[in-house]
Each structure stands twice: as C-alpha cells, then as structure tokens.
Amino acid sequence: MTDVSSDTYAGSGVRRRVLLAGPRSFCAGVERAIEIVERALESRGAPVYVRKQIVHNVTVVDDLADRGAVFVDELDEVPDGSTVVFSAHGVSPAVRDEAARRGLEVIDGTCPLVAKVHAEARRFAARGDTVVLVGHAGHEEVEGTMGEAPGSMVLVETAEEARALPAADGRAVSYLTQTTLAVDETAEVVGALRKTFPLLQEPPSDDICYATTNRQAALSAIVAESDLVLVVGSENSSNSVRLVEMARRGGTRAELIDRAADIPEEWLDGVRTVGLTAGASAPPALVTEVVTWLKGFGPVDVEEREITREDIHFDLPSAVRARPRPPADGRPS
C-alpha cells in the first residue's frame, strides 16, 4: 500500500461527496436479454446455451452460469437439437443459417436497437450503396452488422481512416454506427466522412442508442465536479469503456471497475468528490455496493444527478413469453 499521510489516507474519516450520474446501469435491451435467458432456463431447464456473453458483464454472466446457462464462443460447441440464445449484440446471417442447419432452437436476444442497424445495413446495401460502418473491429455487434452485407460494407474506427477511404466509383455512400460509441468521437468520424463523400447518406435516426447517449450526457453533468470518476462495468463493455475515456478526455481521473472489491484504497487519497456511474450492462446493485464500500472510509453525502428518466421497454420474443395457465377445473377460459 502507498505510504501516505494521515490527512490524505483513504481511511481518515474525511467527509466525501458521491455524485451519482443518472441514468446509469441496466438499459432496456440488457434487461430484455437477461430475462430471455432466465425464462429459457425456467421453461426448458438447464442447460441453455448462449452464444457469446449475453451482455458484456462478468457479474451477470457468472450469475446466469450458476443457474445453468452455458456460454459458448461458437455454435459448434452446442449439441444438435439444443436451445441456444443469441446475445444482445446480434449475430450475422451466417450464424443464423448454421443454427437452422443444426436444428437448434434459437431464442434471439438481439437488442431491438441493434436489429435496427442490421435492417438499415440490408436496406442500404440492397439499393447499391457502399455502406461505411463506424465501429470497433472485433466487437460482436460490429461482426454481426458487417455480416449482413459483407460485400458492400467497410469498417472505419477513426477520422483518419475515414479520410483515407478511396472514392466510391460512382456508388452512393451511406454510413451506420455501432450503438455503443462515444457521441463526440463518432461525430468527428462522420464529419470526416462527409468531407470525403459530400453526398453521404445517413440513417433515418441516430444509431448510437438512447442508453449510451444518456449515460454519456449524465456523466458530463458531474465530471467537472469530480476528483475521481468510477465507472462500474466490465472491460469488454464498449459503452462502459467509452464512459471512462470520456471522463479522462475532460481531464478527470477515471477508472473502470467490475465491483467495489476492485477499488484500491489508495485511489481515494486526496479525493473529496467521487463521480459514480455504471455502463448499461452493469447491475444496479453493484453501484449500491460501491457506495456502501465508500461509507466504510468515513461519512458520505450521496447526491443523485438525474438528467432524464428512461421508460423504454422492449417486448420479449414469443419463444419465452409467459403462456397463460389453464384454469383450475381444466376447462378452457
């Protein structure tokens, strides 16, 4: 442990403020995906196979695994005829075709907002466009979207890559984005695309999802007052990582944690105000856990800073919707 004086040491009993960014934690797409796996386990029994992590959060995945979910990287790990859930990040048509060929029962956990981007990719490609996808190479959402029209799509991650794209040889050019990107950085990339392709076509509505946008805006409202920003989320959670990066670009120290146990006491040295948020795939209980942990080092004043209230809800797929129970006398109702 770092050798620090008693007036700066984390356990000195200094009164701190915790600024809670709101909205934070689960979004509607994550809640839907988790409930799909839970209901599949209840109705089918274990094991239920899940291709990739249902959402990018270690705690969620571990909890579902304890209850009988089996997470696999590819469908060749799933026995023929089994039930498999596709993750919230979506899959390519090739994966769907393989599942059908294997006779797997598929329950689709793809977030409807990711499915929207897939539909746009198909539509833009069908009209003959070159489709530029702004996103991060290797991310599951990007792989699924690119798979919708691989012969018509090109991936860019940065403004430099956008400026380096060759002319489209007379083809119309449109763009789409991954749903979990940083709003400001994406605007820079799209701006570069517009300079390269003045007639660039855009999606009918923003592809960066409401939850990503809201969490970034909520963090923006507290970051300048914070000495330290803690973002609850896992390392493979794109939207969580973007929150950390955004805070750091604003000049505030920011750290990504899975849970309170990941916080070294030294991080609190000299800190009077902690900004606290969570990515869209992180359970709300983990935020409460962090607040409780902070209270162990002295009095804490918690301030909720909610910039908007989210009331989005997505319906479950028919495969896991609750079926009405027959009446007690056995007669149809």
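Each residue takes its place number in the sequence, starting with 1. The figures that follow rest on heavy atoms only: side chains count, while hydrogens, waters and symmetry mates do not.
- Pairs engaging residues 111-120 under the salt bridge (Lys or Arg N to Asp or Glu O under 4.0 Å) rule: K116-E120, K116-D207 [sequence neighbours left out].
- Residues L276 and I222 fail the side-chain proximity criterion, which asks for heavy atoms closer than 4.5 Å.
- Side-chain atoms of S234 come within 3.5 Å of backbone atoms of V58 as a donor-acceptor pair (strictly under, hydrogens ignored).
- Residues I34 and V85 are members of one and the same hydrophobic cluster, defined by side-chain heavy-atom contacts under 4.5 angstrom among Ile, Leu, Val, Met, Phe, Trp and Tyr.
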Step by step, work out the side-chain contact (heavy atoms from CB on, under 4.5 Å) result for Y175 and E202.
CA-CA 6 Å; Y175 80 89; E202 62 186 21; 3.4 Å; yes
Run E161 and R163 through salt bridge (charged side-chain N to carboxylate O under 4.0 Å, His left out) and show every step you take.
CA-CA 5 Å; E161 291 179 1; R163 286 189 283 267; over 6 Å; no
Decide side-chain contact (heavy atoms from CB on, under 4.5 Å) for T83 and Y49; before the verdict, give the C-alpha distance in whole Å, the side-chain angles of both, and the deciding distance to 0.1 Å.
CA-CA 6 Å; T83 298; Y49 293 86; over 6 Å; no
Can I get a per-line list of side-chain donor-acceptor pairs under 3.5 Å for residues 59-68, giving both atom names and the distance, sequence neighbours left out?
unit_1 : atom_1 : unit_2 : atom_2 : d
D63    : OD2    : R67    : NH1    : 2.9
R67    : NH1    : E38    : OE2    : 3.3

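- Formation of a donor-acceptor pair under 3.5 Å by the R248 side chain with backbone atoms of A254 is found in this model.
- The closest donor-acceptor contact from the side chain of T212 to the backbone of T179 lies under 3.5 Å.
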Go through it in stages, so that I can follow the logic: the residues are D129 and Q201, the test is side chain to side chain donor-acceptor pair (under 3.5 Å), and I'd like the CA-CA distance, side-chain angles, deciding distance and then a yes or no.
CA-CA 9 Å; D129 291 10; Q201 300 294 302; over 6 Å; no
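- Within the 4.5 Å cutoff, no side-chain heavy atoms of F86 are placed close to those of V50.
- The shortest heavy-atom contact between Q178 and I208 is O-CG1, 3.9 Å.
- You'll find the side chain of E255 stays beyond 4.5 Å of the side chain of V231, heavy atoms only.
- Distance alone, capped at 3.5 Å, is enough to place a donor-acceptor pair between the Q216 side chain and the L181 backbone.
- Applying the salt bridge (Lys or Arg N to Asp or Glu O under 4.0 Å) test to residues at least two apart or on different chains, the pairs with a partner in residues 45-60 are R51-E74, K52-E74.
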Show the numbers, then the answer: is there a salt bridge (charged side-chain N to carboxylate O under 4.0 Å, His left out) between R96 and D108?
CA-CA 10 Å; R96 296 182 186 278; D108 194 355; 2.9 Å; yes
Test side-chain contact (heavy atoms from CB on, under 4.5 Å) on R305 and E225; report intermediate values, then the result.
CA-CA 12 Å; R305 298 283 186 88; E225 297 180 59; 2.9 Å; yes
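- Between S281 and F26 the shortest heavy-atom distance is O-CE2, 3.4 Å.
- Atom-to-atom distance recorded for R321:CZ and S43:OG is 13.5 Å, nearest 0.5 angstrom.
- Under the 3.5 Å distance criterion, the side-chain polar atoms of S82 are left unmatched by any main-chain donor or acceptor of V78.
- A continuous path of Ile, Leu, Val, Met, Phe, Trp and Tyr side chains, each step under 4.5 Å between heavy atoms, connects F71 with V30, placing both in one hydrophobic cluster.
- Side chain of N239 to backbone of A280: a donor-acceptor contact under 3.5 angstrom is found.
- R17 has its side chain out of reach of S226: every pair of non-hydrogen atoms, C-beta onward, lies at least 4.5 Å apart.
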Check: residues 285-299 side-chain donor-acceptor pairs under 3.5 Å, at least two apart:
unit_1 : atom_1 : unit_2 : atom_2 : d
E289   : OE1    : R259   : NH2    : 2.8
E289   : OE2    : R259   : NE     : 3.3
E289   : OE2    : A260   : N      : 3.0
T292   : OG1    : T288   : O      : 3.1

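- With hydrogens and angles left out, the side-chain atoms of S238 and R242 include a donor and acceptor closer than 3.5 Å.
- Distance alone, capped at 3.5 Å, is enough to place a donor-acceptor pair between the D227 side chain and the R272 backbone.
- Taking all atoms of both residues into account, the shortest heavy-atom contact from A217 to I307 is CB-CD1, 3.4 Å.
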Take W267 and I257 through the test side-chain contact (heavy atoms from CB on, under 4.5 Å) and record every step on the way to the result.
CA-CA 12 Å; W267 284 3; I257 58 171; 3.7 Å; yes
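- To the nearest 0.5 Å, the span separating NE2 on H313 from CG on L316 amounts to 6.0 Å.
- The two residues A115 and T110 come nearest to each other via the heavy atoms N-CG2, 4.0 Å.
- Follow the hydrophobic side-chain contacts under 4.5 Å out from L20 and you reach L228 in the same cluster.
- For the pair L268 and R16, the minimum side-chain heavy-atom distance is below 4.5 Å.
- In plain terms, the two heavy atoms of S240 and L256 that are nearest each other are CB-CD1, 3.9 Å.
- No side-chain donor-acceptor contact under 3.5 Å links R24 to the backbone of A282.
- Looking at heavy atoms from C-beta onward, D301 lies out of side-chain contact with V18 at the 4.5 angstrom threshold.
- Here the shortest heavy-atom pairing between G22 and A218 reads O-CB, 3.3 Å.
- V72 and I54 fall into different hydrophobic clusters, where Ile, Leu, Val, Met, Phe, Trp and Tyr side chains are chained together by heavy-atom contacts under 4.5 Å.
- Residues V134 and V117 do not share a hydrophobic cluster, clusters being chains of Ile/Leu/Val/Met/Phe/Trp/Tyr side chains in contact below 4.5 Å.
- Pairs of residues two or more places apart, or lying in two chains, that qualify as salt bridge (Lys or Arg N to Asp or Glu O under 4.0 Å) and include a residue from residues 132-159 are R122-E148.
- L176 CG to D206 CG: the interatomic distance, rounded to the nearest 0.5 Å, is 11.0 Å.
- Other residues, nucleotides and ligands contribute at most 12 non-hydrogen atoms within 6.0 Å of the CD atom of E235.
- Under the side-chain hydrogen bond (donor to acceptor under 3.5 Å, both in side chains) criterion, D80 pairs with R102, not counting sequence neighbours.
- Separating the CG atom in L193 from the OG atom in S174 is a distance of 10.5 Å, to the nearest 0.5 Å.
- With contacts defined as side-chain heavy-atom distances shorter than 4.5 Å, the pair L230/V274 qualifies.
- R215 places a side-chain N or O within 3.5 Å of a backbone atom of A211 that can act as its donor or acceptor partner.
- Between R249 and D184 there is a side-chain heavy-atom pair separated by less than 4.5 Å.
- One distance of note links CG of L133 with CE of M153; it measures 4.5 Å at 0.5 Å rounding.
- For the pair T277 (side chain) and L219 (backbone), a donor-acceptor distance under 3.5 Å is absent.
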